[in-house]
Amino acid sequence: MQVLSEPDVASYLGRLVTEAAPRGGRGLEAWQVLLRAHATLMRQLETDLEKQTGLALADFDVLAQLAFGGGALRMTELADRALISRSGMTRRVARLVREGLVRRACADADARGIVVVLTEAGLVRLTETAPVHVRGVAELFVAQLDDQELAVLEKALAKVTLDCTFG
């Protein structure tokens with residue numbers, strides 16, 4: 001097998017992309033920008049929240065989803081809302097239970113369903129961390145775009161958001 005030089009590899013990959021992508025690769029640069037923006041924003045929001053409050057962004061998301069859900073959600077619905085796999089959510093909830101921020105309860109009279117409930121301590125923790133997170137989103141994202149750009153971005157991303165679960 002022949003090893004290609006760096007320019008040859010880039011050219012080869014470029015041809016593969018152009019051939020495989022509809023419309024000759026149109027829009028792939030926007031895709032790359034979206035991925036980079038998401039990764040860098042999430043990394044910065046995670047770092048800032050943890051540094052300022054000691055709470056991981058994924059833990060904040062679980063607490064926030066529970067609050068938005070009225071204080072309690074079935075485990076499967078919580079996993080779907082927080083965009084975490086069900087096995088990942090099980091481990092995260094177990095840790096949050098140990099920390100006293102949530103508790104598990106039976107959903108049905110026959111105890112088949114599990115509900116995750118936001119505790120008073122969890123609500124206090126959410127109350128402390130929400131302003132830090134919202135300020136970060138406002139500074140790093142919202143303030144960088146004007147109203148028209150925000151509206152276009154919202155409309156465009158809504159078109160490509162998939163309705164799926166994270167098993």
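Source: prediction; values computed, not measured. Atoms considered below: every heavy atom in the structure, side chains included; atoms not considered: hydrogens, waters and symmetry mates. Each residue takes its place number in the sequence, starting with 1.
Rounding to the nearest 0.5 Å places CG of Asp59 at 7.5 Å from CG of Leu101. We find the CG-CZ distance between Leu41 and Arg36 to be 12.5 Å, quoted to the nearest 0.5 Å. Taking CG of Leu96 as the start and CZ of Arg91 as the end, the distance is 13.0 Å to the nearest 0.5 Å. With values rounded to the nearest 0.5 angstrom, Asp61 atom CG is found 9.0 Å from Arg92 atom CZ. Here Leu78 contributes atom CG and Gln65 contributes atom CD; the two are 7.5 Å apart, rounded to the nearest 0.5 Å.
A pairwise comparison of heavy atoms in Leu45 and His133 identifies CD1-CE1, 4.2 Å as the closest pair. Considering all non-hydrogen atoms of both residues, Val116 and Val102 come closest at CG1-CB, 3.8 Å. Across all non-hydrogen atoms, the minimal contact from Ala121 to Gly100 is CB-O, 3.5 Å. Nearest heavy-atom pair across Leu63 and Gly122 is CD1-O, 4.0 Å. Minimum heavy-atom separation, Leu157 to Thr161: O-OG1, 2.7 Å.
Proximity of Arg98 to Arg95: side-chain heavy atoms (C-beta onward) are separated by under 4.5 Å at one or more points. Two residues are said to be in side-chain contact when any heavy atoms from C-beta on lie closer than 4.5 Å; Gln52 and Thr129 fail this criterion. Counting only heavy atoms from C-beta outward, the side chains of Met89 and Val62 approach each other to under 4.5 Å. Side-chain contact between Gln44 and Thr40 is absent, with no heavy atoms from C-beta onward closer than 4.5 Å. Within the 4.5 Å cutoff, side-chain heavy atoms of Leu150 are placed close to those of Phe141. Side-chain contact check for Asp48 versus Leu140: some heavy-atom pair is nearer than 4.5 Å. Counting only heavy atoms from C-beta outward, the side chains of Arg104 and Val115 never approach each other to under 4.5 Å. Annotation: side chain of Arg81 is in contact with side chain of Leu73 (closest heavy-atom distance under 4.5 Å).
Leu35 and Leu153 fall within the same hydrophobic cluster, where Ile, Leu, Val, Met, Phe, Trp and Tyr residues are linked whenever their side-chain heavy atoms come under 4.5 Å apart, directly or through other members. Linking ILVMFWY residues whenever their side-chain heavy atoms come closer than 4.5 Å, directly or via other members, places Leu13 and Leu28 in the same cluster. Cluster membership for Val124 and Val134, using ILVMFWY side-chain heavy atoms within less than 4.5 angstrom, is not shared. Leu34 and Val137 fall within a single hydrophobic cluster, where Ile, Leu, Val, Met, Phe, Trp and Tyr side chains are chained together by heavy-atom contacts under 4.5 Å. Under the 4.5 Å side-chain contact rule for hydrophobic residues, Leu126 and Phe68 do not share a cluster.
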Could you walk me through whether Glu128 and Thr53 pass the side chain to side chain contact (heavy atoms under 4.5 Å, CB included) test, one step at a time? CA-CA 8 Å; Glu128 296 166 351; Thr53 70; over 6 Å; no
Test side chain to side chain contact (heavy atoms under 4.5 Å, CB included) on Leu57 and Met42; report intermediate values, then the result. CA-CA 9 Å; Leu57 184 57; Met42 295 307 288; 3.6 Å; yes
Which is it for Asp8 and Tyr12 under the side chain to side chain contact (heavy atoms under 4.5 Å, CB included) test, yes or no, and what are the steps along the way? CA-CA 6 Å; Asp8 290 340; Tyr12 177 67; over 6 Å; no
Tell me, with the steps shown, if Thr47 and Arg43 meet side chain to side chain donor-acceptor pair (under 3.5 Å). CA-CA 6 Å; Thr47 299; Arg43 201 173 306 133; over 6 Å; no
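Salt bridge Glu77/Arg74: absent, no basic N to carboxylate O contact under 4.0 Å.
More than 12 heavy atoms of other shown residues, nucleotides or ligands fall within 6.0 angstrom of atom CD in Glu149. Annotation for Asp147: atom CG does not count as buried by contact number, only 12 or fewer foreign heavy atoms lying within 6.0 Å.
Applying the salt bridge (Lys or Arg N to Asp or Glu O under 4.0 Å) test to residues at least two apart or on different chains, none of the pairs has a partner in residues 129-139.
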